[in-house]
K.L.:
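Quick one: structure below, then a few questions.
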There are 2 protein chains.
Amino acid sequence: MRKVFQAELHQVGEELIEIAQLVTEAMEKANEAFTTADTELAQEVIAADARIDFLQRDLDERAIDILALQGPVASDLRMIVGALRMSASLERMGDLARHVAQLARMRFPQHVIPESLKGTFAEMAELDIAIARKLTGLLDTRDLKLANEINSHNARVNELHASVFKAIASPDWNASAPTTVDVSLASRYFERFADHGVSVARKVTYLVTGEWQPTAQGA
Amino acid sequence: MRKVFQAELHQVGEELIEIAQLVTEAMEKANEAFTTADTELAQEVIAADARIDFLQRDLDERAIDILALQGPVASDLRMIVGALRMSASLERMGDLARHVAQLARMRFPQHVIPESLKGTFAEMAELDIAIARKLTGLLDTRDLKLANEINSHNARVNELHASVFKAIASPDWNASAPTTVDVSLASRYFERFADHGVSVARKVTYLVTGEWQPTAQGA
C-alpha cells in the first residue's frame with residue numbers, strides 16, 4: 001500500500017514537471033512569435049495551451065483521488081495540497097504565454113513592440129524563459145539555489161516592467177494608442193508570468209524547508 | 001467526532017463568505033475612490049487588502065488541518081478542496097480591487113478615466129460589485145440562480161471591456177499615453193475581477209450539482 005502511495009505521489013510530481021516543461025516551451029515559442037510576428041507559431045502556442053489545461057485538470061483529479069483514498073498526513077499532505085496550488089499557477093503561466101501569442105496574432109503582420117522598446121522586451125522575455133526553465137529544474141531537483149535565481153530574475157523583470165511604463169509616460173513616446181495598449185498589456189503579461197514563477201518557487205521552497213517565506217506584495 | 005467535523009466544515013464555509021463580503025466592500029470602495037479621485041479611500045482599500053490575505057491563509061491552514069485530521073472523503077473532500085481553490089480566486093479579486101485603488105491613488109488629484117469612458121467604467125464597476133454581492137449570496141444560500149446571474153453580468157463586462165479597447169483604437173481617441181495605459185489596465189482589472197467571480201461561481205455550482213460545466217476559455 002505504502003509503495004503504491006509513493007508511486008502515486010511521484011506521479012503527481014512528474015506531472016508538475018511535465019506541465020512546467022510545456023509552459024517553458026509555450027513562452028519560448030510565444031516570444032519567438034511575438035518578436036518575429038510569426039502568426040503560425042502564435043497559433044501553435046494558442047492551440048497547445050489546451051494540453052496544459054488538460055494536464056492541470058488531470059493532475060488535480062489525481063491529487064484529489066490521493067487525498068480521498070490514501071488520507072495522507074504531514075509532509076505528504078502538504079505536498080499534495082502544494083501540487084494543487086502549483087498546478088493552478090503553472091496553468092496561469094500557460095495562459096499568459098497564450099496571451100502573448102494572441103497579441104502577436106492580433107497585430108500580424110505588424111510587430112507588437114516599437115523599435116525603442118525591443119531590447120527591453122527581449123530581456124524580459126529571456127528572463128521569463130529562464131524562470132520557467134529553472135522552475136522545471138527546481139521541481140525536478142529541489143535545488144533551492146534555483147529558487148534564489150528565480151527571485152533575482154523576477155526582481156529584474158519588475159524593473160524592466162516599471163521602465164516600460166516610464167517610457168510610455170515620457171514626452172518622447174509617440175506610438176499610437178492601440179500600440180500603447182499592446183505594450184502595456186504585454187509588459188504586464190511578462191511581469192505576471194515571472195510573478196507566478198516566484199509563487200511556485202516559494203511553494204517548492206516551503207515543501208523543502210518547512211518554512212514559509214514572507215509574502216511579497218502581490219503584483 | 002462527526003459533529004466536530006461538521007462544525008469545522010461549516011466554519012470554512014463561513015470564512016469563505018466573510019472573505020467574499022470583504023472583497024465586495026473592497027470593490028465598492030475602490031470604485032468610489034476611482035470615480036471620485038478620493039485618495040484616502042483608496043489608501044483604505046489598499047490597507048484592508050492585508051486582512052483578506054490573512055483570512056485566506058487562515059482558511060487554507062484550517063482546510064489543510066481538516067484534511068490531515070479528519071481525512072474527509074467524497075463530497076466533504078470536494079468541498080474542502082473547492083474551498084482552497086475558491087479562497088485563491090477571492091484573494092485575487094481582493095488584489096484586483098486593490099489595483100483599482102492604486103490607480104486612483106497614483107493619478108490623484110487627477111481622475112483616471114477620461115470623460116468619454118466614464119459611463120462605460122461606471123457600468124463595469126457596478127457589474128463587478130453585483131457579481132461580488134451575488135457571490136457572497138451564492139456561497140451562503142447555494143441558490144444557483146445567482147450563479148446564472150453572475151454569468152450574465154460577466155458576459156456584459158466582457159462586452160464593455162472590448163468596447164474600451166475599441167474606443168482606444170478609434171481615430172477620435174486623444175488621451176495621453178499614460179492615460180491610455182491606465183484605461184487599458186483598469187479595464188483589464190475589472191474584466192479579471194468578473195472572470196474570477198465566474199470561476200468561484202462555477203466551483204459552487206459543481207459542489208451543488210456534482211457536474212462540471214465546460215470551461216470557458218480563460219481570459
K.L.:
So what's closer than 4.5 Å to chain B heavy atoms on A:V181: side chain, backbone, both or neither?
P.N.:
both
K.L.:
Closest approach of B:S184 and A:S184, non-hydrogen atoms and distance?
P.N.:
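Heavy atoms of B:S184 and A:S184 come nearest at OG-OG, 3.5 Å.
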K.L.:
Quick check: closest heavy atoms across B:V73 and A:A68, and the distance to 0.1 Å?
P.N.:
CG1-O, 3.5 Å
K.L.:
Report which part of A:L185 has an atom under 4.5 Å of a heavy atom belonging to chain B: side chain, backbone, both, or neither.
P.N.:
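Side chain only.
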K.L.:
Output all residues satisfying ring pair (Phe, Tyr, Trp, His ring centres under 6.0 Å) with A:F193, sequence neighbours left out; order by chain, then residue number.
P.N.:
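Here no residue qualifies.
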K.L.:
Taking A:R78 first and then B:E61, would you say they form a salt bridge - that is, a charged N and a carboxylate O separated by under 4.0 Å?
P.N.:
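Counted as a salt bridge, because a side-chain N and a carboxylate O are separated by less than 4.0 Å.
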K.L.:
Are more than 12 heavy atoms, taken from residues, nucleotides or ligands other than B:Q110, located less than 6.0 Å from that residue's CD atom?
P.N.:
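No, the 6.0 Å shell around CD holds no more than 12 heavy atoms from other groups.
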K.L.:
For chain B, find which of A:S176, A:A50, A:A177 contributes the most heavy-atom pairs closer than 4.5 angstrom.
P.N.:
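The candidate making the most pairs under 4.5 Å is A:A177.
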K.L.:
How far does CZ of A:R188 sit from CZ of B:R188, to the nearest 0.5 angstrom?
P.N.:
7.0 Å
K.L.:
Show every salt bridge (charged side-chain N to carboxylate O under 4.0 Å, His left out) that has at least one partner inside residues 159-176 of chain B, sequence neighbours left out.
P.N.:
B:R156-B:E159
K.L.:
What closest approach, in Å, do A:I64 and B:L77 show between heavy atoms, and which atom pair accounts for it?
P.N.:
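Closest pair (atom of A:I64, atom of B:L77, distance): O-CD2, 3.5 Å.
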K.L.:
Measure distances from A:L84 to the heavy atoms of chain B and classify the residue's part below 4.5 Å as side chain, backbone, both or neither.
P.N.:
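The side chain, not the backbone.
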K.L.:
Is A:D76 close to chain B through its backbone or its side chain, or both, or neither, when contacts mean heavy atoms under 4.5 Å?
P.N.:
neither
K.L.:
Quick one: what part of A:L67 sits under 4.5 Å from any heavy atom of chain B, side chain, backbone, both or neither?
P.N.:
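Contact with chain B: backbone and side chain both.
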K.L.:
Supply the atom-to-atom distance A:R92 CZ to B:R92 CZ, rounded to the nearest 0.5 angstrom.
P.N.:
8.0 Å
K.L.:
Against chain A, work out which of B:S170, B:P178, B:A74 has the most heavy-atom pairs shorter than 4.5 Å and name it.
P.N.:
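Ranked by contacts with chain A, first place is B:P178.
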K.L.:
Measure A:A88 against the heavy atoms of chain B and call it side chain, backbone, both or neither at under 4.5 Å.
P.N.:
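Neither; nothing under 4.5 Å.
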K.L.:
What's the spacing between B:M106 CE and A:F165 CZ if we round to 0.5 Å?
P.N.:
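Result: 8.0 Å between the selected atoms.
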